[in-house]
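This report concerns only the one structure given below.
Throughout, residue positions are numbered sequentially from 1 according to the sequence presented. In this text, all values refer to a predicted model and were calculated from it rather than measured experimentally.
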Amino acid sequence: MKAIALPTYGGPDVLREVDLPTPEAGPGEVRIRVHAAAVNPTDAMLRTGAYAARTTDVPPPYVPGMDAAGVIDQLGPGADGRLVVGQRVVALVVPTGPRGAYAEQIVVPAESVVPAAAGTGHAEASTLLMNAATARLALDTLALPKGATVAVTGAAGAVGGYAIELAKADGLTVVADAAPHDRDLVRGFGADHVVDRGTDVAARIRESAPAGVPGLVDGSDQREEVVPAVADGGALVALRGWQGPAERGVTVTPVFVASVRADTALLDTLRRQAEKGVLSLRVAKVLPASDAAEAHRLLEAGGLRGRLVLDFS
């Protein structure tokens with residue numbers, strides 16, 4: 001089968017098309033014929049070696065990718081009775097071993113697979129799970145009561161946009177940041193207050209919430225810069241592993257989407273919310289899988305609104 005892999009860590013050009021053995025579904029697993037794989041920043045981190053410690057026992061080449069959409073073509077023994085061969089599905093893929101989502105066929109635990117949102121194509125469907133699950137995990141970690149205010153930085157990005165939409169569905173008030181050209185986009189997600197992004201974003205959030213916000217989702221990975229926006233004793237959720245420290249009793253909690261890969265109920269709830277329009281699926285551009293290096297160059301150039309998608313059809 002065809003896959004996009006890296007024989008060594010490095011820049012986008014290390015990504016290349018390779019032929020790998022077709023995997024077989026084992027007990028409790030399903031095999032998916034992948035038609036689309038979303039390209040996420042974590043894929044670039046794997047490519048550069050940021051996760052090398054996780055693959056010390058696995059020989060290269062390494063296959064990136066955490067978001068796949070396609071059709072089930074094999075069920076392993078004891079696989080979840082929810083799923084059937086021929087079903088359109090999406091999967092949250094954790095490439096701790098050699099295989100991620102950038103392949104024509106992948107094998108994943110059945111618990112990490114849910115039906116694709118009705119009315120979506122493979123490209124759209126592939127953009128949901130990793131980023132929406134990260135946003136859901138962040139909000140669940142903050143555990144703010146209905147009516148409370150949450151701040152979201154990096155609000156125009158994939159995780160940020162989902163965090164706003166999920167927060168509004170939870171009954172929260174949202175303060176979000178945006179560049180001038182993204183203000184309408186961020187308002188469209190449901191943000192109640194939109195402030196200018198940048199190094200002074202904490203002060204701007206304080207203008208909307210003078211006492212500070214009880215919770216903040218740091219989608220822009222600004223770390224110490226955004227702590228002043230959080231109220232005394234409040235909480236900040238970090239998406240890139242930062243653990244603080246922070247002053248004034250502010251707690252910092254890093255979240256990792258792999259922790260919910262087996263939470264089928266959570267993943268299926270996100271699918272249903274996408275079907276209902278609570279969550280907006282955004283595709284920036286679809287590229288042939290063979291253009292994965294170009295996709296990574298576009299990703300690292302920044303400014304994307306929505307996810308790049310690799311087409312394996």
Side-chain angles (χ1 to χ4, degrees), residues 1-5 18-38 40 42-43 46 51 53-118 120 122 125-137 140-141 255-275 279 289 310 312-313:
M1 67 162 191
K2 180 176 73 176
I4 304 299
V18 299
D19 286 318
L20 295 176
T22 300
E24 299 293 328
E29 296 178 330
V30 300
R31 189 176 68 195
I32 299 170
R33 169 60 173 95
V34 175
H35 289 278
N40 291 291
T42 188
D43 304 348
L46 184 150
Y51 304 138
R54 304 179 189 177
T55 55
T56 54
D57 297 329
V58 180
Y62 303 117
V63 179
M66 295 189 69
D67 267 322
V71 177
I72 293 176
D73 69 0
Q74 186 183 57
L75 295 173
D80 196 325
R82 300 174 300 114
L83 305 170
V84 297
V85 170
Q87 186 175 14
R88 289 187 63 245
V89 293
V90 288
L92 177 58
V93 186
V94 180
T96 50
R99 299 275 175 90
Y102 292 10
E104 288 182 320
Q105 289 173 297
I106 61 171
V107 167
V108 290
E111 60 199 6
S112 300
V113 179
V114 295
T120 62
H122 292 301
S126 74
T127 65
L128 174 65
L129 286 186
M130 183 200 155
N131 293 285
T134 300
R136 181 71 269 165
L137 181 57
D140 289 348
T141 299
V255 297
F256 302 95
V257 74
S259 67
V260 295
R261 63 181 171 181
D263 192 339
T264 309
L266 182 152
L267 302 180
D268 202 45
T269 295
L270 296 172
R271 182 265 303 183
R272 292 196 303 272
Q273 288 180 303
E275 289 180 343
L279 295 174
L310 300 179
F312 283 88
S313 297

Residue pair [X] / [Y], side-chain heavy-atom distance below 4.5 Å:
X      : Y      : result
Leu46  : Thr42  : no
Val114 : Thr264 : yes
Arg272 : Asp268 : yes
Val71  : His35  : yes

Nearest-0.5 Å distance that lies between atom [atom1] in [X] and atom [atom2] in [Y]:
X      : Y      : atom1 : atom2 : answer
Ser112 : Glu29  : OG    : CD    : 10.0 Å
Asn131 : Asn40  : CG    : CG    : 4.5 Å
Leu270 : Leu266 : CG    : CG    : 5.0 Å
Met66  : Met130 : CE    : CE    : 5.0 Å
Met1   : Glu104 : CE    : CD    : 7.5 Å
Ile32  : Asp73  : CD1   : CG    : 9.0 Å

For [X] against [Y], the heavy-atom pair lying closest together:
X      : Y     : value
Pro115 : Val90 : O-CG2, 4.0 Å
Leu75  : Val30 : CD2-CG1, 3.4 Å
Ala25  : Gly76 : CB-N, 3.7 Å
Val93  : Pro95 : O-CD, 3.4 Å
Pro61  : Leu20 : CG-CD2, 4.2 Å
Val18  : Ala5  : CG2-CB, 3.8 Å

**OP:** May I have the step-by-step check of side-chain contact (heavy atoms from CB on, under 4.5 Å) for Val108 and Arg261, ending in yes or no?
**Re:** CA-CA 10 Å; Val108 290; Arg261 63 181 171 181; over 6 Å; no

Subject >> Expected output: side-chain Arg82 to main-chain Ala110 donor-acceptor under 3.5 Å >> reply: yes

Subject >> Arg31 (side chain) donor-acceptor with Pro23 (main chain) under 3.5 angstrom >> reply: yes

**OP:** List in chain and number order the residues that pass side chain to side chain donor-acceptor pair (under 3.5 Å) with Arg88, two or more places apart in sequence or in another chain; answer none if no residue qualifies.
**Re:** none

Subject >> Set of salt bridge (charged side-chain N to carboxylate O under 4.0 Å, His left out) partners for Asp263, sequence neighbours left out >> reply: none

Original post:
Where does the angle between the aromatic ring planes of Phe312 and Tyr102 fall among parallel (under 30°), tilted (30 to 60°) and perpendicular (over 60°)?
Top reply: tilted

